[in-house]
Amino acid sequence: MARYLRLGINVDHVATIRNARGGDHPDPVRAALLAAKAGADGITAHLREDRRHISDADIERLMAEIGIPLNLEMAATDEMLEIALRHGPHAACIVPEKRQERTTEGGLDAAGGQTHLAPLVGAMGTRGIRVSLFIEPDAAQLDAAKSMGAPVVELHTGAYCEAEGSARQAELARIKNAAKHADAIGLECHAGHGLGFETVGAIAEIPEIVELNIGHFLIGEAIYSGLDSAIRRMRALMDTARAEITGS
Ligand code: PXP
């Protein structure tokens with residue numbers, strides 16, 4: 001029987017729209033509450049160093065109000081570590097962050113950054129936070145995550161989502177191999193970035209993956225069909241794909 005596949009909804013871009021005008025509408029916390037009702041198992045929010053979308057006050061309110069696990073995405077900085085330790089979210093995902101990028105481009109260099117990353121992983125683990133590293137689907141990165149004691153990895157699905165035809169199949173194969181390797185060395189495996197209705201099925205069919213984090217596509221889709229309907233459709237596509245591998 002395949003493991004349950006959790007859905008984490010990333011509410012960053014509700015805050016992007018709010019911040020385009022200032023004020024407090026639309027509210028990412030209201031979106032998170034709606035996501036929970038629509039079947040989200042958790043909420044993800046990236047507190048960027050430049051606070052371009054999610055704010056410190058959003059994190060405070062998400063922690064206090066949502067009633068389902070919060071996964072805090074964060075850069076590997078002292079400031080973010082202090083914030084994570086202060087709030088103690090259910091999970092924290094360490095991501096690479098560059099000021100000029102539009103979104104998280106590529107995964108973390110876990111293999112090259114062990115000296116810097118290991119103390120953060122240790123400190124958050126001691127606080128009871130489930131730490132994951134957002135990495136490329138690559139065995140060396142997985143081995144590095146394991147060796148610094150991270151319990152979870154999130155595989156970057158951006159290249160798979162952007163590619164077409166045989167290139168997409170090649171990216172999918174990389175993700176499948178990485179998920180197998182993660183499982184074999186005892187890492188919990190998540191995946192995310194760029195996923196939409198068309199791309200989610202093949203990822204949801206990978207039995208070692210137990211959580212998907214999805215944001216931008218769903219917030220965009222909500223313009224047409226509403227957030228509730230968009231999330232329910234994503235959940236249904238995940239469930240259908242998962243049923244394919246269990247034969248249920
Ligand atoms: N997972 C991680 C680690 C991310 O950084 C992001 C983007 O913030 C996502 C998942 C969600 O990606 P998207 O918004 O493209 O669905």
Side-chain angles (χ1 to χ4, degrees), residues 5-17 19 28 31-32 35 40-54 58-59 62 69-77 80 84 89-99 101-110 117 121 124 129-137 141 145 150 152-163 171 175 178-179 182 187-201 203-204 209-223 227 230-231 233-235 237-238:
L5 181 59
R6 295 190 298 268
L7 172 59
I9 299 295
N10 181 317
V11 295
D12 292 353
H13 296 301
V14 179
T16 301
I17 298 170
N19 296 357
D41 299 287
I43 297 298
T44 292
H46 185 176
L47 184 66
R48 292 189 78 104
E49 289 183 271
D50 62 8
R51 309 301 197 268
R52 70 175 71 157
H53 38 56
I54 293 292
D58 291 331
I59 296 296
L62 286 166
L70 178 68
N71 172 34
L72 173 69
E73 285 181 8
M74 53 179 273
T77 65
M80 290 301 151
H90 167 79
C93 181
I94 306 179
V95 302
E97 198 174 300
K98 297 186 220 102
R99 291 268 164 147
E101 69 188 357
R102 273 200 231 157
T103 182
T104 313
E105 293 165 359
L108 202 62
D109 184 9
L117 294 168
V121 171
M124 290 197 281
I129 301 169
R130 206 149 164 79
V131 182
S132 74
L133 302 183
F134 188 46
I135 56 174
E136 293 296 322
Q141 297 296 343
V152 184
V153 288
E154 180 164 330
L155 302 177
H156 199 309
T157 51
Y160 153 75
C161 291
E162 278 166 26
E171 290 298 335
I175 296 169
L187 287 167
E188 182 173 310
C189 191
H190 301 177
H193 206 282
L195 292 170
F197 292 151
E198 255 185 63
T199 46
V200 76
I203 299 297
I209 294 178
V210 295
E211 180 174 309
L212 301 181
N213 285 301
I214 308 180
H216 182 266
F217 176 85
L218 288 172
I219 304 306
E221 196 61 21
I223 292 168
L227 190 56
I231 292 173
R233 180 154 173 223
M234 187 63 83
R235 180 75 256 179
L237 289 166
M238 287 165 57

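Just so it is clear, the values below take in all heavy atoms, side chains as well, and ignore hydrogens, waters and symmetry mates. In each ligand, atom 1 is the first atom listed, and ligand 1 is the first ligand listed. Just so you know, residue 1 is the first one in the sequence shown, and it goes up from there.
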Nearest heavy atom to atom 9 (C) of ligand 1 wins, so pick from Met74, Glu73, His53.
-> Glu73
Mark up the atoms of ligand 1 that fall under 4.0 Å of a heavy atom belonging to Gly194, in ascending order.
-> 12 (O), 13 (P), 15 (O), 16 (O)
If we only count N/O pairs under 3.5 Å, is Gly192 in contact with ligand 1?
-> no
Going by heavy atoms in the side chains, are Ile209 and Ile175 under 4.5 Å from each other?
-> yes
Under 3.5 Å: N/O of His46 near N/O of ligand 1 = no
If you count the atoms of ligand 1 from 1 in the order shown, which ones are under 4.0 Å from a heavy atom of Ile214?
-> 16 (O)
Is any N or O atom of Asn213, backbone or side chain, closer than 3.5 Å to an N or O atom of ligand 1?
-> no
Answer whether the closest heavy-atom distance between the side chains of Val210 and His190 falls below 4.5 Å.
-> yes
Between Val121 and Ile94, does a side chain to side chain contact (heavy atoms under 4.5 Å, CB included) hold up when you go through it step by step?
-> CA-CA 9 Å; Val121 171; Ile94 306 179; 4.2 Å; yes
Close-contact set for ligand 1 against Val95 heavy atoms, below 4.0 Å = 3 (C)
Rounded to the nearest 0.5 Å, the CD atom of Glu136 sits from the CG atom of Leu108 at a distance of 10.0 Å
Within a distance under 4.0 Å of any heavy atom of Gly215, pick out the atoms of ligand 1 and give their elements.
-> 13 (P), 14 (O), 16 (O)
Any idea how His156 and Phe134 line up, ring-wise: parallel (<30°), tilted (30 to 60°), or perpendicular (>60°)?
-> parallel
Side-chain contact, heavy-atom cut-off 4.5 Å: Val200 with Met238?
-> yes
